[in-house]
Q: 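Take a look at the following structure, please.
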Protein chains: 2
Amino acid sequence: MPETRRTLSSVQNAARLLKTFTSLDRELGVTELAHRLGLGKSTVHRLLATLAEEQLIEQDPVSGRYRLGLAVHELGAAASTATDLHAAALTPMSVLRARTGETVQIAVLDGREVVYVERLDSPNTLALFLEVGRRNDAHVTGTGKCLLSFLDEATLDRMLDGWELRAQTPSTITDPLALKKELARSRRRGYATNLHESEVGVISVAGPIRDGHNRVIASMSVAGPAERMEPVMERTTQAVVEACAVTSRRLGWTQNPRPT
Amino acid sequence: MPETRRTLSSVQNAARLLKTFTSLDRELGVTELAHRLGLGKSTVHRLLATLAEEQLIEQDPVSGRYRLGLAVHELGAAASTATDLHAAALTPMSVLRARTGETVQIAVLDGREVVYVERLDSPNTLALFLEVGRRNDAHVTGTGKCLLSFLDEATLDRMLDGWELRAQTPSTITDPLALKKELARSRRRGYATNLHESEVGVISVAGPIRDGHNRVIASMSVAGPAERMEPVMERTTQAVVEACAVTSRRLGWTQNPRPT
DNA sequence: TGGACCGTCCCTCCCTGCGGAACATCCGTC
DNA sequence: GACGGATGTTCCGCAGGGAGGGACGGTCCA
C-alpha cells in the first residue's frame, strides 16, 4: 500500500448506489445500476442485498427492481426535522438571547428525558450546560416540564406510572401528584419554570414550540443564575413566550390550525 | 469460506452507522459511535470519512462531531416525493381508468423531457407505452405540454431558446412560436392535448397536479387510440381535470394557497 | 422453441478492511 | 506551566472479505 487510502471502496460504492436513486429514477434494476456505476452485476447485487437487509433499499417482488426503502424515509425525516427547526428558531433565539442576556436552549422530549438540540450561550455563562445532545430528566427542567404539560392526560398518566422522580436538588418535585398539579398550572399559563429543581442557584423559564398541526414538538428556554433572573422574571417570561410563537409560526403553526 | 455471506460487512457497518443518527441524536462523535456500534474507533473514522466524501455525512469543523449530510436530505426528499405522489394519485387514477377505460399515466418534467413515474394500463392497451421510468420529448406529449404551459414565461423562453423541436409525426409542433401559442392556450384552458403528435393514431389529454404551494409538480394524462378517444373527448377531459384536482388537494393544494 | 433479457448464485483471486496503539489537540484543574 | 482525561486522527500488520466473470434459472416475445 504505497499510499494510505482514506475511504473504503466498498462503502463508497454503496453510497454512490444510493445516490443513483432520485425522484425521477425511482426504481432501478441490478443491470442498469451496474452499468451506471461501472461495477460488476454481482457486486451491485451484493450491495443491494446488504442495503436491503438494513432497509435502506427495498425490492419490488413482482418486477424484481429496487427502490429506496423505509430507513431512507426515516433518515430524511431526521435530517429535515433538525434543519427546519434550526432554521425557524435561529433568529428568535438570537433576539431572545440579546433581550435577556442569558443562555437560550431548545429541547425535545424523548421518553422521560429531554434532549437539548439547539443552544446559544450567553456571555455570562456559568458553564451550567454542556454541548448539544446532552440529556436530563424531564421533570427537573423547565423545557421538560413544559413539554410534559402539553401531553394529553392519558399519555401523561402512563408516563407517570412507575416513574421514580429522582431528586437532583432539595427543590426537585418528586411527588407524582405534586408534579401533575404543577404541569396543569404550566399548561394553563402557557409556559413552565424551573426554580432550582435541576441545580441550586439556577432558574429557567420555558415555552412551547408548535408545528403546523398544533403539536408541541419542542420547548425553548432561557436559563441563568437566580440573582440575575429573579428581578426580570416577568419580562423574560414574556420574551420566551413570544420567541416560541415566532418560531411556531415559522413552522407553519397558526391560531386556527389545520386538522391533523 | 464455509458459508456464503449474502451481505458485505463493511457496507452493513456503514448502513448501521447512518441509522444511528436520529432527530434526537443529531450530532455524534467518533468515540460515541464506536461505542454504540461495537466497532473500533479507526473503523468508524474510516466509515465517516467515506460517507463524508459522498456527502451522506458532514462534520462540524468546530466540535469535530458528525451529522447527516446534504445527500441524505436529497435521498429523503426523493423517497418521500415518490411516496406522497403515489399515495395521493392512486385512487384518482383508478377512478379515471374505470371511467375512461384507457391508460392513465403521471409524468414529471426533467429538462426538455418528461419522465413517466406512475401508470395504470387499460385492458385495451395498444402496447404504446413501456414501463415506468420511460422518457419522451416534452413538446410532443400531452403531459409535457401541460407541464410546460404552467412554467413562468422567463423559464419557458430560456428552455425554448436553442431547443430543436424534433418531429415524431407529421402532426408534431416544431415551430417555437406555434408551440408557445399552443402552451398559452393550454394554460388558459387548464389542460393540454396531444393530437397524433407523438404517435399517429394516438391522442391524449393531460391536466396539472399541484402541491401545497400551488406549484405544478406533475401531470396526469389519459391516452388511447383516436377512434376511441375522439367521440368522448369532452367527457374525458372533464374527468382528467377532476382527477388532477382530487390528487392536488390530497397533496395539500387549496384554492387559496399558502404563500411560498 | 429459441433468443434476449433479467436477477441470483458460485468460485477464484488478491487486496482491502479491521483494530490496536501511537499521535495531536483541546479543555479543565492544580 | 504541567498533568490528566477526553476527543478525533493516523499508521501498520494481519487475515478474511470484496470484486468480477460466468453459469444458472426464470420471464417474455416472435
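Chain A is the first sequence line, chain B the second, and so forth, proteins listed ahead of strands; every chain is numbered from 1. Everything numeric in this text was worked out from a predicted model, so none of it was measured. Only this structure's heavy atoms are used, side chains among them; waters, hydrogens and symmetry mates stay out.
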Q: As an exercise, state the distance from CG of Asn194(A) to CD of Gln168(A), rounded to the nearest 0.5 Å.
A: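 Taking CG in Asn194(A) and CD in Gln168(A), the distance rounds to 9.0 Å.
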Q: OP1 or OP2 of dC6(C) less than 4.0 angstrom from a side-chain nitrogen or oxygen of Tyr66(A), does that happen here?
A: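 False: Tyr66(A) side-chain N/O out of range (4.0 Å or more) of dC6(C) OP1/OP2.
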Q: Please report the distance, rounded to the nearest Å, between CG in Leu17(A) and P in dG18(D).
A: 15 Å
Q: For Arg16(A) and dG18(D), give me the distance from atom CZ to atom C1', rounded to whole Å.
A: 15 Å
Q: Is the phosphate of dA19(D), meaning OP1 or OP2, less than 4.0 Å from a side-chain N or O of Asn13(A)?
A: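 For Asn13(A), the contact criterion (side-chain N or O under 4.0 Å from OP1 or OP2 of dA19(D)) is met.
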Q: May I have the distance from Glu27(A) (atom CD) to dC6(C) (atom P), rounded to whole angstrom?
A: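 Going from CD in Glu27(A) over to P in dC6(C) covers 15 Å.
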Q: Specify the separation, in whole Å, of atom CG of Asp60(A) and atom P of dT8(C).
A: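 Those two atoms, CG and P, are 12 Å apart.
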Q: Any chance you could measure Thr50(A), atom OG1, to Leu8(B), atom CG, to the nearest 0.5 Å?
A: 4.0 Å
Q: Nearest whole angstrom, please: distance from the C1' of dC18(C) to the CG of Leu47(B).
A: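 Computing the Leu47(B):CG to dC18(C):C1' distance gives 10 Å.
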Q: Round to a whole Å and report the spacing from CD of Gln59(B) to C1' of dT25(C).
A: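 Rounded to the whole Å, the gap is 13 Å.
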Q: What residues form a side chain to side chain donor-acceptor pair (under 3.5 Å) with Asp84(A), not counting sequence neighbours?
A: none
Q: When you match Gly29(A) and Val11(A) each to their closest nucleotide on DNA chain C, which lands nearer the 5' end?
A: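 Its nearest nucleotide being more 5', the pick is Gly29(A).
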Q: Taking atom types as modelled, is there a side-chain donor on Gln105(A) or Glu118(A) under 3.5 Å from an acceptor on the other?
A: no
Q: Under the side chain to side chain donor-acceptor pair (under 3.5 Å) rule, collect the residues that match up with Gln55(B), sequence neighbours excluded.
A: none
Q: Output yes when at least one side-chain N/O atom of Ser10(A) is less than 4.0 Å from OP1 or OP2 of dG17(C), else no.
A: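 Looking at the OP1 and OP2 atoms of dG17(C), one of them is under 4.0 Å from a side-chain N or O of Ser10(A).
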Q: If only side-chain N and O atoms of His45(B) are considered, is one of them under 4.0 Å from the OP1 or OP2 phosphate oxygen of dG8(D)?
A: no
Q: Do you know which two heavy atoms are closest between Val200(B) and Pro170(B), and how far apart they sit?
A: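 Closest approach of Val200(B) to Pro170(B), heavy atoms only: CG2-CD, 4.2 Å.
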Q: Please list residues of residues 31-43 of chain B whose heavy atoms come under 4.0 Å from any atom in DNA chain C, ordered by number; otherwise none.
A: Gly40(B), Ser42(B), Thr43(B)
Q: Of the options Arg228(B), Arg97(B), Arg119(B), which is the one that meets Glu102(B) in a salt bridge (charged side-chain N to carboxylate O under 4.0 Å, His left out)?
A: Arg228(B)
Q: Write down the distance between CG (Leu8(A)) and P (dA19(D)), rounded to a whole number of angstrom.
A: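 Result: 11 Å.
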Q: Taking donor-acceptor contacts at under 3.5 Å, does the side chain of Arg46(A) reach the base of dG20(D)?
A: yes
Q: Can you check the Arg65(A) CZ to dT8(C) P distance for me, whole Å?
A: 13 Å
